[in-house]
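Values reported hereafter were calculated over all heavy atoms of this structure, with side chains retained and with hydrogens, waters and symmetry mates removed. The model shown is predicted, which means the values in this text are computed figures rather than measured ones. One-based numbering along the sequence shown.
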Amino acid sequence: MRLHLVFFILTLTFLSSCEEPNPNAEFEKKIFQYIDVNGMGMLEDLKIQDIEKVNDTTFKATHTFTNPLFNKEMRITRNYFFSEDGSSVNNYEEISTEMKSKGEWIKSNF
């Protein structure tokens, strides 16, 4: 019984130590909020798919959502520019916009 308890504790310790903290979590949250607010809360299934730090005030992020006007899945990649203190998104630069058509991502001119 005692051996099982030791094994259980070691397993829990190992599993909890395997989780890596997301260093971009706060920026990801702010980008999500920025998109959600600009979409007036109407973007369905909004998800940040990827986020990468470009420099101290710029993050490249890709997000997907279902466009309620077209009922189509969209994927947008942008550079988001933050204030010096990282408290808010000041602006963004569009990198690519794609729409899913017959299961494939197709470049869009929106």
Side-chain angles (χ1 to χ4, degrees):
M1 166 105 171
R2 189 176 179 149
L3 184 60
H4 291 290
L5 182 59
V6 170
F7 179 75
F8 178 73
I9 292 171
L10 287 174
T11 302
L12 284 179
T13 304
F14 173 77
L15 291 176
S16 65
S17 67
C18 290
E19 294 180 30
E20 293 183 30
N22 180 356
N24 301 327
E26 191 61 30
F27 291 98
E28 183 173 339
K29 175 182 159 188
K30 290 182 188 316
I31 290 170
F32 183 96
Q33 291 169 331
Y34 183 83
I35 297 165
D36 192 35
V37 168
N38 284 316
M40 298 169 55
M42 297 185 341
L43 304 178
E44 299 174 18
D45 305 319
L46 176 60
K47 292 181 187 97
I48 304 291
Q49 297 293 316
D50 185 48
I51 185 167
E52 146 188 352
K53 184 176 183 176
V54 176
N55 60 43
D56 287 343
T57 59
T58 306
F59 285 80
K60 179 180 175 183
T62 300
H63 64 279
T64 59
F65 62 93
T66 302
N67 185 317
L69 298 176
F70 307 118
N71 198 29
K72 291 279 193 172
E73 192 173 353
M74 306 287 294
R75 180 169 66 185
I76 297 176
T77 302
R78 296 174 174 161
N79 280 330
Y80 289 92
F81 306 107
F82 280 80
S83 59
E84 287 294 321
D85 65 357
S87 64
S88 62
V89 175
N90 287 339
N91 207 347
Y92 67 87
E93 169 188 44
E94 201 86 22
I95 296 173
S96 69
T97 302
E98 300 166 294
M99 182 185 293
K100 194 173 258 188
S101 176
K102 299 215 180 249
E104 294 182 22
W105 290 110
I106 307 299
K107 194 166 217 117
S108 174
N109 294 323
F110 287 115

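The cluster map of Ile, Leu, Val, Met, Phe, Trp and Tyr, joined by side-chain heavy atoms under 4.5 Å apart, puts I35 and F81 in different clusters. A continuous path of ILVMFWY side-chain contacts below 4.5 Å connects L46 to I76, so both sit in one hydrophobic cluster.
Ring orientation note: the planes of Y80 and Y92 are tilted relative to one another, at an angle of 30° to 60°.
Salt-bridge formation is detected for the pair E26/K30: a Lys NZ or Arg NE/NH1/NH2 atom is positioned less than 4.0 Å from an Asp or Glu carboxylate oxygen. Between K107 and E98 there is no salt bridge, since none of the side-chain N atoms of the basic residue sits less than 4.0 Å from a carboxylate O of the acidic one.
Looking at K47, R78, R75 one by one, the single match for side-chain contact (heavy atoms from CB on, under 4.5 Å) with H63 turns out to be R78. Screening D56, I31, N91, N90 for a side-chain contact (heavy atoms from CB on, under 4.5 Å) involving F82 leaves a single residue, I31.
Annotation: K100, atom NZ; neighbour count of heavy atoms from other residues, nucleotides and ligands within 6.0 Å is above 12.
Two residues are said to be in side-chain contact when any heavy atoms from C-beta on lie closer than 4.5 Å; N67 and L43 fail this criterion.
Annotation: the span from I51 atom CD1 to F59 atom CZ amounts to 6.0 Å, rounded to 0.5 Å. Rounding to the nearest 0.5 angstrom, the gap separating the CE atom in M99 from the NZ atom in K72 is 6.5 Å. Separating the OG1 atom in T77 from the CD atom in E52 is a distance of 10.0 Å, to the nearest 0.5 Å.
At least one donor-acceptor pair closer than 3.5 Å links the side chain of N55 to the backbone N or O of T58. Proximity of a side-chain donor or acceptor of D36 to a complementary backbone N or O of F32 within less than 3.5 Å is not detected.
Judged by distance alone, the side chains of E94 and T97 do bring a donor and an acceptor atom under 3.5 Å apart.
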Residues V54, N79; criterion side chain to side chain contact (heavy atoms under 4.5 Å, CB included); working and verdict: CA-CA 8 Å; V54 176; N79 280 330; 4.1 Å; yes
For the pair Q49 and T64, evaluate side-chain hydrogen bond (donor to acceptor under 3.5 Å, both in side chains) and give the outcome as yes or no after the intermediate values.
-> CA-CA 7 Å; Q49 297 293 316; T64 59; 3.1 Å; yes
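In plain terms, the two heavy atoms of S83 and T57 that are nearest each other are O-CG2, 3.9 Å.
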